[in-house]
Structures are given as C-alpha cells and as structure tokens.
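Heads up, the thing below is written out as structure tokens.
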Amino acid sequence: MKVDVLLGLQWGDEGKGKIVDFLAPKYNVVARFQGGPNAGHTLEFDGHKHVLHQIPSGIFRKNICNVVGNGVVLDPIIFKEEIDKLSPFQVDVSKNLFVSKKAQLILPTHRLLDAADEQAKGAKKIGSTLKGIGPTYRDKTSRNGLRVGDILSPNFKEKYDALVSRHKVQLSAYDFEYDLQSMEEEWFGAIEFMKALTLVESEHYINQQISSSSSILAEGAQGSLLDIDFGSYPFVTSSTTMAAGVCTGLGVAPSSIGEVFGIFKAYCTRVGSGPFPTELHDEVGEELRREGKEFGATTGRPRRCGWLDLPALRYAIMLNGVTQLFMMKADVLNIFKEIQICTEYKLEDGSVTRDFPYEANEGTVEPIYRAMKGWDCSLESVEDLESIPEALKEYVAFIEKEVGVPINIVSVGPDRLQTLVKGELIA
Ligand code: GDP
Ligand code: IMO
Ligand code: MG
C-alpha cells in the first residue's frame with residue numbers, strides 16, 4: 001500500500017498530534033520522518049492530555065508500530081523522559097516503537113551551540129526551541145554527525161569525543177558559559193537506556209510494510225511555512241517539513257506516496273520570530289490566544305495569533321500536493337460575530353497577488369481581508385458536519401472554493417471525540 005502523509009500547512013502547532021492519534025486505527029504503522037524534540041504534539045482522550053515530542057502519535061493505539069525515521073534528529077534524554085511518562089498508560093514500547101539506526105543524535109553540545117548561536121544573534125534571533133535542532137542537522141549535512149546505530153559501536157565514546165572536541169572549538173568563538181559535565185552524565189545514561197530499544201534499519205522495515213500491503217501514515221512535524229527551503233527563511237527550522245521530506249526521511253520512493261492530508265487552523269499562529277502577514281497585535285489577537293490556549297507545547301511561549309491567510313495556505317497546498325484538508329480549532333472562532341479572512345496581498349508597488357511572495361514582511365505585504373459572518377455560538381453539542389451552523393458551513397465552503405481542495409475534517413475541540421468527519425474521507 002501507499003504511504004499517506006499528514007503535515008502542517010502553517011507555522012506548526014496546527015493540531016497534527018490530535019489528528020494522527022484519531023486516524024491511527026486506520027493504519028498499521030505511524031512514522032515520523034523529520035524534526036525532533038522541537039515538536040510538541042498534543043493528544044487528548046479519556047480525560048488525559050499527552051504531549052509527544054519525538055515519539056509518533058500512534059503510540060497509544062494498540063497493534064500499531066511507531067517508527068522514528070532516519071530523517072529525525074533524536075535527543076536521547078528527552079526520548080527516555082517521554083518513554084518513562086508512557087508507563088502508566090499500558091504502552092509497551094518494546095513491541096510498538098522502532099527507531100532508525102540512521103536517525104541523527106542530538107548531543108548536549110548541540111543544545112549548547114543552539115543557545116550560543118541564538119544569544120549571539122541578539123534581536124535577530126530565530127526564536128529556536130533551543131533543542132539543538134539546527135546544529136544537529138548542520139553536523140549531518142557537513143558529515144560529522146553521530147547516528148543512533150553508532151551507539152552500538154565499540155568505539156562510540158571515541159566518536160563522541162571527536163565530535164565534542166569540534167563543538168568545544170566552535171563554542172569558544174562565543175561569549176557563552178556552560179557546564180557540560182552534568183549534561184553528559186544524563187546523556188550517557190539515556191544512551192544505555194536506548195540500547196534496549198528496538199533499533200532498526202527503518203527504510204527496509206517501511207518498504208517491507210509497503211510490499212506486504214500494510215498501511216502507513218507519515219506524521220509531519222513543524223509546518224510548511226517553517227520548511228528549510230520554502231519557509232520564511234531564515235526564520236525556519238532546519239529540515240524538509242514538506243511531503244517531499246517523507247521520501248528522504250523514511251526511504252520511500254515518490255511513487256509510494258498516497259494521500260496527502262494538509263492540516264491547518266481556522267486562523268493562524270506562529271511561535272518564534274519571522275514574518276506573519278496576518279498577525280494581530282490588538283485585542284482580537286489576545287482573544288484568539290486566550291480562546292485557543294495558544295501557548296507552546298514544547299516551550300510554553302505565547303504564540304503569535306492572526307486571521308487565516310489564504311495566499312500562504314495556497315502556497316503550502318501547492319508545494320505538498322495536498323489531496324484533503326483538515327481544519328482545526330474551529331471552536332476557537334465561536335466568540336466572534338465577524339471573522340476576517342485574508343484572500344490576497346497588496347504588494348509595495350500597489351499590485352495585488354494571490355500568491356505567497358519572496359518576502360512577506362510587515363511593510364512589504366498588506367493583507368486584503370474579506371469579512372465573513374461568525375457563527376457566534378458554541379459547537380459543543382454538534383455531532384456531525386451536517387449540523388454545524390450555517391455560518392461555519394459558509395466559512396468552510398469559501399475556503400474550499402478559494403484553495404480548490406475539500407475540507408474533510410473539521411475539528412471542534414482538543415479531544416479525540418471532538419472531530420467531525422465528512423463521509424467520503426479516504427484513508
Ligand atoms: P501539533 O504540534 O500540530 O500537534 O499541535 P500542538 O499540540 O502543538 O497544538 C495544538 C493545540 O490545540 C493542542 O493544545 C491541542 O490539544 C489543541 N487542539 C487540537 N485541536 C483542537 C480543536 O479543534 N479545538 C481546540 N480548542 N483545541 C484543539
Ligand atoms: P510542531 O511539530 C511550532 C519554530 C521555532 C522557531 C523555528 C526554529 O509542534 O508543530 P528550531 O528549534 O526548529 O530550530 O526552531 O521553528 N518551531 C516550531 N513552531 N511548532 C513546532 O513543532 C516547531 N518546531 C520548531 O519556534 O521559530
Ligand atoms: Mg506543536
């Protein structure tokens with residue numbers, strides 16, 4: 001069978017964790033293909049809230065294999081903590097969690113380098129999650145990184161020391177103080193723990209599953225507008241967050257990609273620095289943050305909030321070849337009598353575009369909004385898409401018409417059960 005892909009179409013935090021958990025029973029395998037502990041994917045069910053960073057969001061479903069693919073950068077300390085937190089929930093990671101030997105390891109010094117880089121950038125900082133993501137991918141592409149499979153090598157410590165020596169030289173260029181020793185003790189403890197996990201050549205595993213007609217869902221992290229190539233560079237993450245990243249991050253041929261589920265919030269958020277054309281700096285922005293509880297799942301930082309941005313959404317749909325859209329957090333807009341939606345941008349030269357331009361900074365693009373009637377009521381008792389308020393139906397239909405892709409899920413709350421599905425959802 002083909003590999004379906006679920007990914008975020010905005011700046012991350014669209015609700016990927018919730019929907020992967022919701023869809024997981026339809027699949028045999030759920031696999032992460034990029035990113036690392038910069039991700040924070042929230043799942044809510046049975047009165048519990050779980051935040052996963054590196055573990056795929058199929059982990060709570062029985063009989064599903066969860067794979068951490070080669071494209072991921074893995075922090076052993078955070079991984080161990082995440083696995084420890086699963087123990088009260090009858091999750092047996094010895095059976096349902098596989099880790100690629102080719103995934104790159106995040107070292108304590110990668111985290112230090114991330115922090116030192118950001119400190120040196122001052123006001124121009126990216127607003128990184130400080131998890132060491134950029135420095136780890138940098139070592140991967142400069143061919144200096146350590147991989148999960150290396151932990152089984154008899155000369156692992158030697159390899160580690162060689163890389164850390166390079167990092168110490170790099171750190172000496174910064175005015176940055178650090179204490180590595182305590183971080184290293186914890187890290188090596190977590191490495192020992194990892195040796196007992198199922199470490200695999202995941203590209204072989206995934207391709208065997210494809211051949212034996214197993215169904216696979218690839219779970220994206222971050223969002224399309226944080227992609228290293230197509231995001232608002234340099235205010236991006238360091239991986240390919242797009243559907244294309246599934247091929248390199250899992251070892252899957254392009255012809256094996258099936259459905260591409262694009263997930264977006266009914267409005268926009270962003271955490272960290274960088275352009276955000278529809279950002280609201282007023283009371284409405286505050287209301288969105290309050291209603292949507294828009295605080296980072298990984299860092300706790302307040303998320304910047306604004307109206308839905310259709311030029312940005314069209315761009316992400318185009319780049320990913322999205323076949324179905326899922327709209328999240330519709331309930332957050334319940335309080336508004338009127339909702340704005342950005343349909344086009346006015347550029348500096350006065351021209352108007354429906355496309356996402358090279359620069360989308362404040363001053364270079366001015367969003368053109370269309371006002372839509374709000375539904376102005378609770379969605380709590382709504383059980384299916386047919387019975388959503390007329391104004392929400394119009395909001396959904398307008399977006400579908402503007403972007404040319406059907407919206408097959410509307411999410412109306414954080415819980416697994418608060419998910420409204422159109423009849424024809426293919427998965
Ligand atoms: P992810 O990184 O894409 O998995 O998203 P996050 O977990 O970082 O952020 C999404 C947040 O919105 C989480 O707190 C979810 O519990 C919550 N959430 C998801 N879907 C909905 C929804 O439809 N309505 C509301 N109110 N919250 C939602
Ligand atoms: P999920 O998977 C939202 C942002 C950071 C920063 C930029 C670079 O939960 O949607 P990095 O640490 O990757 O070098 O930071 O990317 N960022 C995210 N924003 N959700 C995420 O993941 C993010 N992962 C990274 O805030 O602006
Ligand atoms: Mg998140």
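Order of listing sets the numbers, starting from 1, for every ligand and every atom in it.
- Protein heavy atom nearest atom 15 (C) of ligand 1, with residue, atom name and distance: Thr42 CB, 3.9 Å.
- The closest protein non-hydrogen atom to atom 10 (C) of ligand 1 is Asp13 O, 3.7 Å.
- Taking the six-membered ring where the residue is Trp, Phe60 and His50 present tilted rings, their angle falling between 30° and 60°.
- For atom 19 (C) of ligand 1, the nearest non-hydrogen atom of the protein is Lys18 CD, 4.0 Å.
- Listed by atom number, the atoms of ligand 2 under 4.0 Å from Val271 heavy atoms are 3 (C), 5 (C), 19 (N), 26 (O), 27 (O).
- Salt-bridge check for Lys2 with Glu259: failed, with every basic side-chain N at 4.0 Å or more from each acidic carboxylate O.
- Under 4.0 Å from ligand 2, not a single heavy atom of Arg270 appears.
- Checked against the 6.0 Å centroid threshold, Phe188 and Tyr160 count as a close aromatic pair.
- Residue contacts with ligand 1, taken as heavy atom pairs separated by less than 4.0 Å, do not involve Lys293 at all.
- Neither the backbone nor the side chain of Val51 has a heavy atom within less than 4.0 Å of ligand 1.
- Close contacts of ligand 2 with Ala39, meaning ligand atoms under 4.0 Å from a residue heavy atom, involve 1 (P), 2 (O), 9 (O), 22 (O).
- At a heavy-atom distance under 4.0 Å, only side-chain atoms of Leu226, from C-beta outward, approach ligand 2.
- For His41, every heavy-atom contact with ligand 2 shorter than 4.0 Å involves the side chain, none the backbone.
- Under the 4.0 Å criterion applied to side-chain N and carboxylate O atoms, Asp84 and Lys80 are assigned as salt-bridge partners.
- The residue Phe235 has no part lying near ligand 2, judged by heavy-atom distances below 4.0 Å.
- Set against the non-hydrogen atoms of Gly272, the atoms of ligand 2 under 4.0 Å away are 27 (O).
- Contact annotation for Thr299 and ligand 2: no heavy atom of the residue comes within less than 4.0 Å of the ligand.
- Proximity of Gly413 to ligand 1 is established by a heavy-atom distance of less than 4.0 Å.
- Of the candidates Gly40, Gly292, Ala266, it is Gly40 that places a heavy atom closest to atom 6 (P) of ligand 1.
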